[in-house]
Amino acid sequence: MRPVVWVRPDTSILSPSLCDTISATTKYTMMMVYKSLQPDVAQQLWKIFRPDSTFYVISTHGLYTESIPLPNKERQPPLSLQACIYTAQHTLTSDTIHNGNYQLYIGAEIPTDSTRIALYEAAYFPTSLSRKQILFFQTYLALKYGITLNKAHYLSTMGDTLWNAITDKRYYHHIKGIGSDSVYNFYSQKSSSLEDDVLNISCADSLPHNSYVLIGDDNAELDWYAYESTTSMLQRTWQIKTTNNQQPLIICLNSDKAGEFTDTLHLALLNEEGEIMQTFFPDSIDI
């Protein structure tokens, strides 16, 4: 299912004030990628207005998939300055008087309101989505912006499990990826992340439809330890998973984030026991 209102700017919108007309509904789902620029003040992420009443949704940081009550504006927990994926499903009381259209405001209703957020993407669905449908869209958002989900499975729109929250839990940190998906028009040959820029993956060739490459780490420190008498190794390790991809991958380490080192860097592929199975030397130390 695709959203009926879909805001996808090329760059983030600061303090958005957007309005769309939507059909009358009693259930809806909203998903947003945003970060607060004013965490000490409650922010209006969106509002649905109809002639007989007004509905406000004021965000908290996190990932929500269940119906939530209308918030108490005076007792909001502090918002995070980190970008997050926010998902909410609401049930609206039936409008028995007015049967026309509603107004959906994303961000402030008028530009002078104090909605101070950076909006990366917003999607409105005029119905309540299943858990699986939610994960389809959350996976798309998580890979596009490099925001790790809250211990949920990553699912492609074809139903493939790209990252398992249970079996892959050791590496459930700073997950990012590349992929090709025509359902949500996601096509990325280079990973990006709003969370972490230590390591990125890319693919120089075109990706086939419904192909993905994901990478996550064990959240260990970016420090070196003596692996052998002449070799040091980063404490942090990464796991790479591919789905329907046979193209060569390019792995780039931001060496500025990896602490001081005095010799040649190389990539070691490990088995599940941590033993080195194969070693690759980089094409260029500059990347």
inquiry  = Assess, by modelled atom type and distance only, whether the side chains of Q89 and T29 contain a donor and an acceptor separated by less than 3.5 Å.
reply    = yes
#### Entry: Distance flag, aromatic centroids of Y124 and Y28, threshold under 6.0 Å
yes
task: Flag the pair W163 / I175 as yes when at least one side-chain heavy-atom distance between them is below 4.5 Å, and no otherwise.
output: yes
| query | Any sub-3.5 Å donor-acceptor pair from S211's side-chain atoms to P208's backbone N or O? | reply | yes
**Message:** Closer than 3.5 angstrom, by distance alone: can the side chain of T139 be matched with the main-chain N or O of L135 as a donor-acceptor pair?
**Reply:** yes
Distance col, row I240:CD1 vs I215:CD1, nearest 0.5 angstrom, shows 4.0 Å
**Asked** Backbone N or O of A165 within a donor-acceptor pair of the H153 side chain at under 3.5 Å?
**Response** yes
Exercise. Is the backbone N or O of A268 less than 3.5 Å from a side-chain atom of Q278, with the two atoms forming a donor-acceptor pair by type?
Worked result: no
Between D217 and H174, do the side chains contain a donor N or O and an acceptor N or O under 3.5 Å apart?
yes
Do L162 and L155 touch side chain to side chain, with heavy atoms closer than 4.5 Å?
-> no
When rounded to the nearest 0.5 Å, the distance separating CG of D20 from CG of L104 is 6.5 Å
Exactly one candidate in Y227, F281, F280 meets ring pair (Phe, Tyr, Trp, His ring centres under 6.0 Å) with H266; the answer is F281
Q. Within the distance-only criterion (no hydrogens, no angle test), does the side chain of Y172 pair as donor or acceptor with the backbone N or O of A152 below 3.5 angstrom?
A. yes
Return yes if some donor-acceptor pair links the side-chain N/O of S36 with the main-chain N/O of I117 below 3.5 Å, else return no. no
Worksheet item: Are F125 and F137 close enough, and set up right, to give a ring pair (Phe, Tyr, Trp, His ring centres under 6.0 Å), and what steps lead you there?
Response: CA-CA 11 Å; F125 301 82; F137 201 79; 5.3 Å; yes
### Query
Side chain of D218, backbone of T237: donor and acceptor closer than 3.5 Å?
yes
Taking the side chain from K241 and the backbone from D168, do they hold a donor-acceptor pair closer than 3.5 Å? no
Notebook entry, point to check: When hydrophobic residues are tied together by side-chain contacts of less than 4.5 Å, even through go-betweens, does L18 share a cluster with Y34?
Noted result: yes
- Could you check if a side-chain atom of Y86 sits within less than 4.5 angstrom of a side-chain atom of M31, using non-hydrogen atoms only? no
When you measure from the side chain of S193 to the backbone N and O of E195, does any donor-acceptor pair fall under 3.5 Å?
-> yes
Side-chain donor-acceptor pairs under 3.5 Å in residues 1-9, sequence neighbours left out?
unit_1 : atom_1 : unit_2 : atom_2 : d
R2     : NH1    : V183   : O      : 2.3
W6     : NE1    : E121   : OE2    : 2.8

**Prompt:** Heavy atoms, side chains only, cut-off 4.5 Å: are Y154 and T148 in contact?
**Reply:** yes
Tell me if a side-chain donor or acceptor on N244 pairs with a main-chain N or O of H209 at a distance below 3.5 Å.
yes
Nearest heavy-atom approach of K144 to F186 is CA-CE1, 3.7 Å
Worksheet entry | Flag side-chain contact, heavy atom, 4.5 Å: T127 against T25 | no
Exercise for the section: Evaluate the ring planes of Y140 and Y184, with Trp represented by its six-membered ring, and classify them as parallel (under 30°), tilted (30 to 60°) or perpendicular (over 60°). Expected result: tilted
